[in-house]
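Input: a single structure, listed below in structure tokens.
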Amino acid sequence: MFIYKDMKKIMKNAEFVLLDIAKAKKGDNIVVITDSEAYSNARALCDCAKQLGINSVIADVDMYGGEEGYDNIPIMEPLKQAILHADITFMTTPQIKTGFSTYLGTRDEGDESLLGKSKRFTFECGGMEQWDINREEVLANRNRALALYAWLQKAERIHITTKRGTDLHCSITQVDAMYPVMGIIPFYSEVAVIPSLGTVNGVVVADGASERTRNQRGFPIRPNMPTHNELYKEPMRLVFQDSMLTEFSGDAVQEERLRVLLEEVSPKADLCDEIGLVTTTSPENNMYGWKVDGSHQINCIHVAIGNNRRRGEIIHSTEHVDFDVHEPVVEVDGECILKDGKFDDEKIFRHADQ
């Protein structure tokens with residue numbers, strides 16, 4: 001068995017991931033994709049799996065893509081088949097750098113993996129030996145996402161405001177797609193709304209980070225990376241009219257990065273591709289997850305620009321850039337569900353059950 005600084009804690013955390021989130025069963029066959037940076041997490045999952053009677057194998061991709069970078073690596077058919085035929089697959093390599101589409105070859109498969117239905121999980125978080133998991137909170141975050149998803153399928157409108165000037169309306173009576181994002185574990189959960197064209201209007205003041213561009217591999221427009229943080233600069237102001245990005249402003253350097261993106265990508269990434277309602281309140285999401293770009297934080301929603309022409313089928317198009325909006329007030333059909341970082345769970349679950 002691998003030697004960890006705190007054997008008891010890391011095994012407890014691994015067991016929570018395997019049993020409570022992934023719902024692994026004795027006799028299941030699991031594949032864990034890893035590289036040198038994430039090896040201890042992968043080994044902990046497999047050591048714990050062995051104790052639970054679960055079969056496991058580690059696929060170390062350092063020589064395949066990790067050390068050399070994950071851009072434009074060829075699809076390795078044996079690895080692809082192992083992922084597709086495993087009962088459960090965990091990807092511990094960095095989500096923002098890789099994604100299941102890196103190994104499977106299509107963004108469709110990557111999107112499917114985000115939902116958790118495929119039993120393919122992105123192990124986003126570092127620091128597994130340091131986690132002090134609040135089991136009830138993590139499971140409540142995930143259940144909140146499912147309940148909010150159930151309510152939004154029957155709702156008509158989302159309204160998002162912030163003190164810094166965000167005022168965004170979106171009709172969801174004819175939403176193209178909607179997904180509970182349950183495959184990024186253990187702390188993250190979200191409801192991703194893919195709004196119909198022509199239904200999004202208003203202003204987004206993105207005072208948080210944007211994710212990495214160029215299929216999530218380039219330098220962020222508005223970075224919050226450990227080595228480069230620009231959140232102290234003026235927020236990005238994005239204006240949407242009938243779902244089209246009609247104007248934008250902000251810090252001159254960030255403006256230029258967005259302008260280059262819009263000029264270089266074809267088809268042009270000037271649509272509101274997604275409104276992401278983050279349902280996790282676990283501080284560990286910020287402490288240990290999303291370290292590559294510092295996006296997708298708690299007490300945030302994100303609004304994505306992109307060029308999705310298959311809106312009823314996938315979340316992420318050729319180019320898809322999330323912009324975090326801090327401290328939002330979120331209303332569904334005029335009823336407030338999120339304010340001051342607190343969700344009104346009684347309201348969410350009541351509407352979900354109606």
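Starting from 1, each residue takes its place in the sequence as its number.
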Just do the ring-ring contact (aromatic ring centres under 6.0 Å, His included) check on Trp131 and Phe16 with the steps written out, would you? CA-CA 11 Å; Trp131 299 347; Phe16 174 79; 8.6 Å; no
What class does the angle between the rings of His302 and His296 fall in, given that below 30° is parallel, 30 to 60° is tilted and above 60° is perpendicular? tilted
Decide yes or no for Thr92 and Asp35: does some side-chain heavy atom of the first lie under 4.5 Å from some side-chain heavy atom of the second? no
Ile298 and Trp290: same hydrophobic cluster, using ILVMFWY side-chain contacts below 4.5 Å? no
Within the 3.5 Å criterion, strictly below it, is a donor on Gln297 or Asp324 matched to an acceptor on the partner's side chain? no
Validation: residues 232-241 side-chain donor-acceptor distances under 3.5 Å, sequence neighbours left out:
none

Is it the case that more than 12 heavy atoms not belonging to Glu129 sit under 6.0 Å from its CD atom? yes
Glu211-His320 side chain donor-acceptor pair, cut-off 3.5 Å: no
How long is the span from the CZ atom in Arg120 to the CG atom in Leu84, to the nearest 0.5 Å? 6.0 Å
Quick one: do Tyr103 and Thr93 satisfy side-chain hydrogen bond (donor to acceptor under 3.5 Å, both in side chains)? Show the steps, please. CA-CA 11 Å; Tyr103 308 112; Thr93 53; 3.1 Å; yes
Is a side-chain donor or acceptor of Asp333 paired with a backbone partner of Ala155 at a separation under 3.5 angstrom? no
When you measure from the side chain of Arg222 to the backbone of Leu231, do you find a donor-acceptor pair of N or O atoms at a distance under 3.5 Å? yes
Looking at Lys339, I'd like to know if its NZ atom is crowded, meaning that more than 12 non-hydrogen atoms belonging to other residues, nucleotides or ligands lie closer than 6.0 Å. no
Without swapping roles, check the side chain of Ser243 against the backbone of Gly198 for a donor-acceptor pair under 3.5 Å. yes
Can you see whether Asn224 engages Ser295 through a side-chain donor-acceptor pair at a distance of less than 3.5 angstrom? no
Between Tyr64 and Met76 (side chain of the first, backbone of the second, donor and acceptor by atom type, cut-off under 3.5 Å), is there such a pair? yes
If only atom types and distance count, is the side chain of Ser101 paired as donor or acceptor with the main-chain N or O of Gly105 below 3.5 Å? no
Mind checking whether Ile58 and Met11 sit in one hydrophobic cluster, side chains of I, L, V, M, F, W, Y counted as touching below 4.5 Å? yes
Using salt bridge (charged side-chain N to carboxylate O under 4.0 Å, His left out), reason through Lys119 and Asp87 one step at a time and then give a plain yes or no. CA-CA 7 Å; Lys119 287 287 189 173; Asp87 292 311; over 6 Å; no
Between the side chain of Lys23 and the main-chain N/O of Asp20, is any donor-acceptor distance below 3.5 Å? yes
Under 3.5 Å, is there a donor on one side chain and an acceptor on the other for Glu37 and Tyr39? no
Using the salt bridge (charged side-chain N to carboxylate O under 4.0 Å, His left out) criterion, which residues pair with Glu256? Sequence neighbours excluded. Arg259
Return yes if some donor-acceptor pair links the side-chain N/O of Asn229 with the main-chain N/O of Met225 below 3.5 Å, else return no. no
Is the Trp151-Phe343 ring centre distance short of 6.0 angstrom? no
State whether the number of non-hydrogen atoms from other residues, nucleotides or ligands found under 6.0 Å of Lys12 atom NZ is greater than 12. no
Taking Val253's backbone N and O only, do any of them form a donor-acceptor pair with Asp251's side chain (distance below 3.5 Å, no angle check)? yes
Does a side chain donor of either Ser36 or Asp62 reach within less than 3.5 Å of an acceptor in the other side chain? yes
Nearest non-hydrogen partners of Asn141 and Ser282, listed with the distance: ND2-OG, 2.9 Å
Donor-acceptor side-chain pairing of Tyr149 and Thr279 below 3.5 angstrom: no
Check whether Tyr4 reaches the backbone of Ala44 with its side chain - one donor and one acceptor, N or O, closer than 3.5 Å. yes
Between Ser189 (side chain only) and Ala145 (backbone N and O only), is there a donor and an acceptor less than 3.5 Å apart? no
